[in-house]
Amino acid sequence: MSFLKLSKAIQGMAFFTLALSTPLTWAAPDAVAGKAKAQVCVACHGEQGVSAIPGMPHLAAQPALSVFYQLLQFREQRRKGGGMEVTVANLSDADMRDIAAHYATLPAPPAQTGGDAAKIAKGQVIAQQQFCSSCHGAQLQGQKHVPRLSGQSSEYFTAQLRNLRSGARADMDGTMGSAARSLTDEEIEAMAVYSASLP
Ligand code: HEC
Ligand code: HEC
């Protein structure tokens with residue numbers, strides 16, 4: 001076999017191996033493996049994905065695609081904050097899918113009771129007027145790549161929505177940035193208290 005033929009054959013093999021291994025990395029995410037891989041996350045995000053630290057995001061019951069997508073954003077340094085970009089620097093796509101599958105299986109964070117009733121009512125009205133549920137779901141429970149907001153920490157919600165409004169946090173396709181642009185601080189706060197109150 002000539003050198004050219006040999007190298008073509010090797011190239012062909014490499015292509016074949018790639019073609020074989022690509023579907024493998026997209027194999028069904030493994031939530032049990034994800035739980036083990038998420039042990040380093042427990043200190044901040046809680047054993048059950050419900051954080052005890054004020055202002056820290058709850059991850060429990062987040063749609064898997066949303067967590068996966070945010071982890072990718074941190075790894076690619078398109079989103080920064082809380083040292084997350086360092087924490088996830090060495091995770092593979094498969095690790096992220098497993099971890100995301102794990103959080104998606106956990107019971108939703110408990111609705112926060114005792115919030116200011118007037119603010120909750122105001123937040124509900126604004127959320128309806130602004131069609132937030134058209135993307136975040138009827139109960140703001142999230143769907144596909146769109147994050148769950150119900151039961152989320154209201155401090156976290158407020159900080160992120162302000163960041164999305166100012167552009168300090170770039171969103172994946174600009175839809176959330178434009179949804180946030182016209183909101184006032186008072187409106188954001190009311191919606192944060194409202195969504196935290198949802199189960
Ligand atoms: C030292 C504390 C800490 C550790 C450890 C940590 N995180 Fe985070 N995480 C944060 C903070 C703080 C934020 C909010 C970042 C911001 O302000 O944008 C965050 C944000 C996130 C978000 C975005 C949530 C959302 O709704 O937008 C995801 C997803 C996430 N972390 C997953 C993980 C995973 C998975 C691990 C483990 C591999 C992990 N984190 C480890 C502190 C931590
Ligand atoms: C067109 C679809 C769409 C609409 C409408 C929309 N959102 Fe979003 N929202 C998204 C997407 C997508 C993200 C994730 C952004 C990213 O990181 O790229 C997001 C992220 C968020 C976050 C950050 C959550 C987290 O866990 O990090 C908050 C808070 C939020 N939206 C609140 C709202 C509120 C309040 C409204 C109504 C005023 C609203 N959104 C309307 C699609 C939408």
Side-chain angles (χ1 to χ4, degrees), residues 34-47 49 51-92 95-104 106 109 122-137 140-165 167-184 187-196 198:
K35 183 178 183 183
K37 291 174 184 178
Q39 282 313 299
V40 291
C41 324
V42 165
C44 294
H45 294 289
E47 181 74 46
S51 181
I53 307 168
M56 192 70 73
H58 304 315
L59 302 178
Q62 278 287 350
L65 202 53
S66 171
V67 167
F68 173 68
Y69 190 79
Q70 293 304 326
L71 293 176
L72 266 186
Q73 296 286 305
F74 285 123
R75 193 185 64 191
E76 308 311 320
Q77 310 246 342
R78 287 193 292 254
R79 181 178 170 189
K80 293 181 185 178
M84 278 301 303
E85 61 280 11
V86 181
T87 307
V88 302
N90 295 320
L91 294 182
S92 68
D95 292 339
M96 292 180 179
R97 285 185 190 279
D98 290 350
I99 291 171
H102 162 61
Y103 284 115
L106 295 175
K122 186 181 168 192
Q124 180 170 17
V125 170
I126 302 163
Q128 274 161 2
Q129 286 167 348
Q130 301 283 337
F131 304 110
C132 308
S133 59
S134 65
C135 294
H136 288 278
L140 304 183
Q141 75 279 20
Q143 53 154 342
K144 299 184 191 136
H145 65 292
V146 185
R148 175 188 184 88
L149 304 174
S150 31
Q152 186 54 280
S153 146
S154 54
E155 294 99 322
Y156 179 74
F157 179 113
T158 303
Q160 293 303 316
L161 201 42
R162 285 184 179 178
N163 287 346
L164 286 159
R165 182 181 62 183
R169 171 174 163 188
D171 67 312
M172 57 187 100
D173 55 10
T175 53
M176 191 52 232
S178 49
R181 197 129 311 132
S182 64
L183 298 172
T184 66
E187 289 172 329
I188 290 177
E189 209 203 312
M191 286 191 291
V193 180
Y194 164 60
S195 57
L198 293 175

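For ligands, and for the atoms within them, numbers begin at 1 and follow the listed sequence.
With a 4.0 Å cut-off on non-hydrogen atoms, Asp173 does not touch ligand 2 at all. With a heavy-atom cut-off of 4.0 Å, Ile126 does not touch ligand 2 at all.
Among all non-hydrogen protein atoms, the one lying nearest atom 6 (C) of ligand 2 is Met176 SD, 3.4 Å. Nearest protein heavy-atom contact of atom 28 (C) of ligand 2 is Leu149 CD2, 3.6 Å. In terms of protein heavy-atom proximity, atom 38 (C) of ligand 2 is nearest to Cys132 SG, 2.8 Å.
In this structure, Gln70 is part of the shell of residues with a heavy atom less than 4.0 angstrom from ligand 2. Ligand 1 has at least one atom lying under 4.0 Å from a heavy atom of Pro57. Ligand 1 is approached by Arg79 to a heavy-atom distance shorter than 4.0 Å. Using a 4.0 Å heavy-atom cutoff, Thr87 is listed among the residues neighbouring ligand 1. At least one heavy atom of Leu164 sits less than 4.0 Å from an atom of ligand 2. By the 4.0 Å heavy-atom criterion, Arg169 is counted among the residues contacting ligand 2.
An N or O contact shorter than 3.5 Å is missing between Ser134 and ligand 2 by distance. Where the criterion is an N or O separation shorter than 3.5 Å, residue side chain and backbone included, Gln152 fails it with respect to ligand 1. Considering both main-chain and side-chain atoms, Met172 comes within under 3.5 Å of ligand 2 through a nitrogen or oxygen pair. For ligand 1, the polar-atom distance check finds no N/O of Tyr103 at less than 3.5 Å from any of the ligand's N/O atoms. Considering backbone and side-chain N/O atoms, Gln160 comes within less than 3.5 Å of an N/O atom of ligand 1.
For atom 8 (Fe) of ligand 2, the N/O/S atoms of Thr175 include none lying under 2.8 Å.
Atom NE2 is the N, O or S atom of His136 at the shortest distance from atom 8 (Fe) of ligand 2.
Panel note: side chain His58, backbone Ser51; a donor-acceptor pair is recorded below 3.5 Å.
In this structure, a donor-acceptor pair under 3.5 Å is present between the side chains of Tyr69 and Gln73.
Distances below 4.0 Å separate heavy atoms of Phe131 from the following atoms of ligand 2: 5 (C).
The option with the heavy atom closest to atom 19 (C) of ligand 1, from among Gln39, Lys37, Met84, is Met84.
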